[in-house]
Enquirer: 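Take this structure, written in C-alpha cells, and hold onto it; I'll ask about it next.
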Amino acid sequence: FSAMDSLGPHCVLEPSATPLPLPRAASEPAFRYSYEGRSYTLDDYMQRQRATVLLVLKDGEIVSERSNYDRTPAHRHLSNSMAKTVVALAGLEAGTLKPQDIFRVLPNPRDPSRGAYFIAQQAFRDTAPPGDYDFKKAFKRSSNSYFIEHGLLVGRDAILRHAAALHFGDRSGIPLGDSRGILPTREWLAQKRLPWRDGDMGNLSIGQGYVTTTPLQMAVAMAALPVMGVTRRPARLRLAATTPPIAPQPRTAMCIRRSS
C-alpha cells in the first residue's frame, strides 16, 4: 500500500542534513532469467508479477529500477514485514530476543490453520500456522505473532532508534524527487495529542500503522544489515570505502551467525 498517510494522522520528517547518496549506474546491464525453459527480461517479470517496485543495487549504485501501478520515487509505502528485521535487530541488541527461545503462536479462532496474536480485544492475523517458533523459523515464515511479541518486549523507542540508524526518514540524495519517510515519534504524538496504545505497538512491529517508507529507503536499510556479525554505519557506507567496521555486541554477532 502507498499514500496511507493521506487517510489518517501522519508525521513528516525533515530531510537529513547529510543525506546518503545512492547514485545511478552509468548503464543498465541486460538482466535475464530462465523459467520453465524460456528466457525473460525484467520488464517481462514486472508484467507477470504483482510487484509494485523492483530495485537492483550493486557496488553502491542503482543498476536497475522498475515500478508498476504508476508509482514513482515520491510515493511512500508501508514497510510491512521488512520492518520485522528492525524489530529483530533491536531485540538482539537489547537481549530481549534470544534466537533459541521458543514462542508459541496460538491458532486464530476464525481460521485455526493460521495463527493470531491478541492485544486486549484487537486481533492480529498471522499468515504463519500455529505452533512453536524460534527466531530462525519465525523469520523464515514471517510470523506476525512472533515479531509483535518481541516488539512489545523491546519497546517503541528501541525500534524507532534502529529505524533511524538505518536511515528511515532520510532522502536518498539523488535527484529523483523521492519522499521522506514517516516515523511515529513521541514528539509527533505529543503534537497531535494522540495516545500510544499497545495496538499501535503491534502495528509498528510488523511495519503497519503510521510508518511509511520508500523503496530506496528499504534498499539502503537492507544493504546496511550486518554480515557475519560486522556492521557499518549506513550514513558512511557509500561515502568512504575506508570507513572502519563497527563490531556489534557479542550476543548480536553470535545471534546473526547462528540464524544465518
Side-chain angles (χ1 to χ4, degrees), residues 1-5 7-11 49-52 76-163 166 168 181-186 189 194-213 218 221-222 225 255-256 258-260:
F1 299 99
S2 59
M4 293 294 288
D5 50 295
L7 303 178
H10 63 280
C11 173
Q49 302 295 325
R50 296 166 61 186
T52 303
R76 292 182 290 270
H77 305 260
L78 291 179
S79 58
N80 288 325
S81 290
M82 296 183 77
K84 294 171 182 174
T85 301
V86 181
V87 175
L89 290 174
L92 288 169
E93 182 179 278
T96 57
L97 190 158
K98 297 178 175 60
Q100 70 277 10
D101 287 355
I102 298 298
F103 174 77
R104 175 158 295 180
V105 175
L106 300 177
N108 186 340
R110 296 187 177 183
D111 182 5
S113 66
R114 295 288 181 263
Y117 193 94
F118 292 88
I119 300 177
Q121 300 301 315
Q122 185 173 355
F124 292 85
R125 292 180 295 178
D126 203 331
T127 57
D132 292 341
Y133 287 79
D134 60 8
F135 172 68
K136 186 174 183 179
K137 181 179 177 181
F139 199 84
K140 181 178 180 180
R141 299 301 299 266
S142 191
S143 170
N144 287 344
S145 302
Y146 181 94
F147 285 97
I148 291 174
E149 172 74 8
H150 284 285
L152 290 170
L153 287 173
V154 75
R156 171 167 53 109
D157 291 339
I159 294 172
L160 293 180
R161 184 172 65 252
H162 279 74
L166 290 171
F168 285 76
I182 296 174
L183 294 176
T185 63
R186 290 182 181 274
L189 289 169
L194 292 174
W196 183 260
R197 300 185 175 91
D198 286 344
D200 296 312
M201 192 66 231
N203 281 325
L204 177 65
S205 301
I206 55 176
Q208 300 180 17
Y210 297 127
V211 179
T212 61
T213 62
M218 295 308 303
M222 296 303 107
L225 290 178
C255 293
I256 292 168
R258 281 182 177 176
S259 54
S260 61

Enquirer: What closest approach, in Å, do S205 and I159 show between heavy atoms, and which atom pair accounts for it?
Expert: OG-CD1, 4.4 Å

Enquirer: Any chance you could lay out the side-chain contact (heavy atoms from CB on, under 4.5 Å) test for D157 and R186, step after step, and finish with the verdict?
Expert: CA-CA 9 Å; D157 291 339; R186 290 182 181 274; 3.0 Å; yes

Enquirer: Which value, rounded to the nearest 0.5 Å, describes the distance between S143 atom OG and F135 atom CZ?
Expert: 12.0 Å

Enquirer: Please tabulate, for the side chains in residues 149-156, all donor-acceptor contacts under 3.5 angstrom to protein atoms that are two or more places apart in sequence or on a different chain.
Expert:
unit_1, atom_1, unit_2, atom_2, d
E149, OE1, Y117, OH, 2.5

Enquirer: With heavy-atom distances below 4.5 Å as the criterion, would you say the side chains of F124 and I148 are in contact?
Expert: yes

Enquirer: Can you tell if the side chain of V87 reaches within under 4.5 Å of the side chain of L97, non-hydrogen atoms only?
Expert: no

Enquirer: Who pairs with D134 by side chain to side chain contact (heavy atoms under 4.5 Å, CB included), at least two apart in sequence or on another chain?
Expert: I102, K136, K137

Enquirer: Hey, are D126 and R141 close enough for a salt bridge, meaning a charged N less than 4.0 Å from a carboxylate O?
Expert: no

Enquirer: Taking the side chain as everything from C-beta on, heavy atoms only, tell me whether R197 gets closer than 4.5 Å to D200.
Expert: yes

Enquirer: For residues Y133 and A128, report the shortest heavy-atom separation together with the two atoms involved.
Expert: OH-CB, 3.4 Å

Enquirer: Find the distance between OG (S145) and CG (L106) and round it off to the nearest 0.5 Å.
Expert: 7.5 Å

Enquirer: Among residues two or more places apart or on two chains, list those pairs meeting side chain to side chain donor-acceptor pair (under 3.5 Å) that have a residue in residues 103-113.
Expert: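 Of all non-adjacent pairs touching residues 103-113, those that pass side chain to side chain donor-acceptor pair (under 3.5 Å) are R104-D132, D111-S113.
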
Enquirer: Nearest heavy-atom pair of P112 and P107: which atoms, and what distance?
Expert: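 Minimum heavy-atom separation between P112 and P107: O-CB, 3.9 Å.
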
Enquirer: Ignoring hydrogens and angles, tell me if any N or O in the side chain of R114 forms a donor-acceptor pair with the backbone of T127 under 3.5 Å.
Expert: yes

Enquirer: Heavy-atom distance under 4.5 Å between the side chains of V105 and F103, does that happen here?
Expert: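 Side-chain contact under 4.5 Å: yes.
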
Enquirer: Over all heavy atoms of both residues, which pair between F147 and A88 is shortest? Give the atoms and the distance, please.
Expert: CE2-CB, 4.1 Å

Enquirer: Is Y146 close to F139 at the side-chain level, that is, under 4.5 Å between some pair of heavy atoms?
Expert: no

Enquirer: Can you tell me how far the NZ atom of K84 sits from the CG atom of L89, to the nearest 0.5 Å?
Expert: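 Interatomic distance, K84 NZ to L89 CG, rounded to 0.5 Å: 14.5 Å.
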
Enquirer: Any side-chain heavy-atom pair from L160 and P184 closer than 4.5 angstrom?
Expert: yes

